[in-house]
Amino acid sequence: MNIDLSVVVPVYNEDNNIDPLYREIGSALSSLTKTYEIVFVDDGSNDNTFQVLKEIQERDKRVKIIKFRRNFGKSVALNSAFNFVKGNIIITMDGDLQDNPDEIPRFVDAIEGGSDLVSGWKYTRKDPLTKKLPSKLFNNMTRLLTGVDLHDFNCGFKAYKRGVLDTISLYGEMHRYIPALAAQYGFKITELKVEHRPRSYGKSKYGFSRLIKGFLDLITVKFLTEYSSRPLHVFGIPGILSLISGVFIGLYLVILKYWKDIMLGDRPLLLLSILLIILGLQFVSIGLLGEMITFRERKDESAEKYIEAIVDGQNENNI
Ligand code: UDP
Ligand code: MG
């Protein structure tokens with residue numbers, strides 16, 4: 001049976017933060033008249049996180065714990081919770097007390113007001129500059145490339161209608177791009193300014209390497225959301241351009257040889273022509289291979305994920 005609200009909190013070595021966070025969530029939710037659960041995902045912590053969680057769970061059965069054998073990362077943690085939760089509205093928030101649970105009712109209001117996904121925006125961010133600057137760069141790039149108009153993609157504080165999570169699937173470190181993945185299916189996405197608090201206990205789990213990984217993920221998301229159904233459109237165009245220029249350069253050299261009797265062996269242009277032809281053929285073949293993979297994977301896929309409602313005169317069914 002479904003309940004109204006699920007609050008999902010991924011935690012990795014946050015033992016000092018859990019108890020205060022649990023209390024704050026509880027008091028924020030007591031102002032709402034909704035049935036709820038709080039799902040903590042212990043992402044392979046090696047401090048006392050699990051013990052603290054278990055003590056809370058024994059007292060309060062609305063608390064559920066998913067425990068990972070080792071650290072698998074925030075995306076995997078969120079994904080496993082998304083498969084598990086029973087709420088019609090799902091809220092995710094960080095477990096480090098940087099997000100303020102008092103904001104939860106505002107998220108719920110926004111969802112009930114018609115949004116499918118509400119994304120928090122850490123308006124005045126309480127993090128060191130070394131974190132804020134790369135994050136700004138990352139957000140600008142993501143906004144530009146995905147066309148989704150958000151200021152803070154990576155904010156852990158978000159709310160979803162159930163249908164959004166049933167539609168998208170997460171892996172690797174893709175949690176940063178949930179809004180872009182959701183936008184692809186036409187879900188309505190809005191932004192909500194949230195308070196951000198400095199971290200008092202524990203350490204940030206992400207260092208510099210996330211910038212590079214984040215950038216690679218961005219390329220993947222761009223590719224997956226826009227081209228994965230037509231890979232030949234991406235590879236075919238540079239491929240054909242390269243092939244045609246290669247052939248023309250080659251023809252030009254052949255003409256020179258037969259009309260003007262100029263030797264071809266020491267012309268760098270000849271190498272360029274060969275390179276362009278081979279590159280062009282490679283691109284086109286990669287595109288065709290992509291098409292084959294897509295065809296195999298998608299031929300059974302129905303368009304169900306794209307449907308918002310079905311109106312057939314008998315019953316109006318919101319999906
Ligand atoms: N987290 C997790 N698994 C990881 C890394 C982080 O579950 O591998 C959790 C972490 O415990 C916290 C949230 O994800 O609740 C955000 O992490 P963090 O505060 O380190 O990120 P930052 O705020 O520095 O971006
Ligand atoms: Mg944090």
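Numbering of ligands and ligand atoms starts at 1, following listing order. Sequential numbering from 1 along the given sequence is applied to the chain's residues. These numbers were taken from a predicted model, which means no experiment stands behind them.
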Participant: What protein heavy atom sits nearest atom 20 (O) of ligand 1, and how far off is it?
Facilitator: Lys205 N, 2.6 Å
Participant: Side chain or backbone of Asp43 under 4.0 Å from ligand 1, or both, or neither, by non-hydrogen atoms?
Facilitator: side chain
Participant: Would you mind checking which non-hydrogen protein atom is closest to atom 1 (N) of ligand 1, with the distance to 0.1 Å?
Facilitator: Tyr12 CB, 3.8 Å
Participant: Can you find an N/O atom of Lys203 closer than 3.5 Å to an N/O atom of ligand 1?
Facilitator: no
Participant: Go through ligand 1 atom by atom and flag the ones less than 4.0 Å from a non-hydrogen atom of Val11.
Facilitator: 7 (O), 11 (O)
Participant: Among all the protein's non-hydrogen atoms, which is closest to atom 9 (C) of ligand 1, and how far away is it?
Facilitator: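 That would be Pro10 O, 3.6 Å.
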Participant: What about Asn154: any of its N or O atoms under 3.5 Å from an N or O on ligand 1?
Facilitator: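 No - when backbone and side-chain N and O of Asn154 are compared with those of ligand 1, no distance drops under 3.5 Å.
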Participant: Quick one: look up the protein heavy atom nearest atom 14 (O) of ligand 1 and list residue, atom name and how far away it is.
Facilitator: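 Checking every protein heavy atom, the shortest distance to atom 14 (O) of ligand 1 gives Lys74 CD, 3.4 Å.
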Participant: Closer than 4.0 angstrom: is that true for some heavy atom of Gly73 and an atom of ligand 1?
Facilitator: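 Checking ligand 1 against Gly73, which is what was asked, there is a heavy-atom contact under 4.0 Å.
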Participant: Validate the cation-pi geometry between Lys260 and Tyr258: distance from NZ or CZ to the six-membered ring centre under 6.0 Å, angle to the ring axis within 45°.
Facilitator: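 So Lys260 doesn't make the cation-pi contact.
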Participant: Less than 3.5 Å apart, any donor N or O on the side chain of Ser6 or Glu37 sitting next to an acceptor on the other?
Facilitator: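 The answer is yes; a qualifying pair exists.
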Participant: Within 45° of the axis and under 6.0 Å from the centre of the six-membered ring of Tyr123, does NZ or CZ of Arg125 qualify?
Facilitator: no
Participant: If I take the Mg ion (ligand 2) as the centre, what angle separates the OD2 atom of Asp96 from the OE1 atom of Gln98? Nearest 10 degrees is fine.
Facilitator: 90°
Participant: Hey, is ligand 1 close enough to Gly95 that some N/O pair sits below 3.5 Å?
Facilitator: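 Right, the criterion is met.
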Participant: Could you tell me, atom by atom, which parts of ligand 1 come under 4.0 Å of a heavy atom of Glu14?
Facilitator: 10 (C), 11 (O), 12 (C), 15 (O)
Participant: Decide yes or no on side chain to side chain contact (heavy atoms under 4.5 Å, CB included) for Lys158 and Met93, but give the supporting numbers first.
Facilitator: CA-CA 7 Å; Lys158 289 192 170 66; Met93 62 189 300; over 6 Å; no
Participant: Do Ile90 and Ile104 belong together in a cluster built from hydrophobic side chains that touch within less than 4.5 Å?
Facilitator: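 Hydrophobic grouping puts Ile90 apart from Ile104.
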Participant: With no hydrogens and no angle check, just 3.5 Å: does a side-chain donor-acceptor pair link Asn88 and Asp4?
Facilitator: no
Participant: Counting heavy atoms only, name the option from His175, Lys131, Arg199 that's nearest to atom 22 (P) of ligand 1.
Facilitator: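 Among His175, Lys131, Arg199, the closest heavy atom to atom 22 (P) of ligand 1 comes from Lys131.
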Participant: Taking N or O atoms only and a 3.5 Å limit, does Asn71 qualify as a polar contact for ligand 1?
Facilitator: yes
Participant: Among all the protein's non-hydrogen atoms, which is closest to atom 17 (O) of ligand 1, and how far away is it?
Facilitator: Tyr206 CE1, 3.9 Å
Participant: Is the Mg ion (ligand 2) less than 2.8 Å from at least one N/O/S atom of Asp127?
Facilitator: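 Not a single backbone or side-chain N, O or S atom of Asp127 is under 2.8 Å from the Mg ion (ligand 2).
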Participant: Hydrogens and angles aside, do Asp15 and Gln51 bring a side-chain donor and acceptor to less than 3.5 Å of each other?
Facilitator: no
Participant: Name the orientation class of the two ring planes belonging to His151 and Trp121 (parallel below 30°, tilted from 30 to 60°, perpendicular beyond 60°).
Facilitator: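 It falls in the parallel class, under 30°.
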Participant: Check whether any N or O atom of Asp127, backbone or side chain, sits under 3.5 Å from an N or O atom of ligand 1, and answer yes or no.
Facilitator: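 In fact, backbone or side chain, Asp127 has no N or O that close.
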Participant: Which residue and atom name correspond to the protein heavy atom nearest atom 23 (O) of ligand 1, and how close is it?
Facilitator: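 For this ligand atom, the closest protein heavy atom is Gln98 OE1, 3.4 Å.
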Participant: Checking a contact table here: which protein heavy atom is nearest atom 19 (O) of ligand 1, and how many Å away?
Facilitator: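 Sorting protein heavy atoms by distance from atom 19 (O) of ligand 1 puts Asp96 OD2, 2.6 Å first.
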Participant: Would you call Asp217-Lys213 a salt bridge at under 4.0 Å N-O?
Facilitator: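 Between Lys213 and Asp217 there is no salt bridge, as every charged N stays at least 4.0 Å from the carboxylate O atoms.
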Participant: Of Val63, Val11, Val9, which meets side chain to side chain contact (heavy atoms under 4.5 Å, CB included) against Leu53?
Facilitator: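 Single pass found, and it is Val11.
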Participant: Can you list the steps and then say if Phe107 with Phe157 is a ring pair (Phe, Tyr, Trp, His ring centres under 6.0 Å)?
Facilitator: CA-CA 9 Å; Phe107 276 93; Phe157 214 170; 4.6 Å; yes
Participant: Any salt bridge linking Asp116 with Lys161? Criterion: basic side-chain nitrogen under 4.0 Å from a carboxylate oxygen.
Facilitator: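 Salt bridge present between Asp116 and Lys161.
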Participant: Under a 4.0 Å heavy-atom limit, does Ser204 contact ligand 1 with its side chain, its backbone, both, or neither?
Facilitator: both
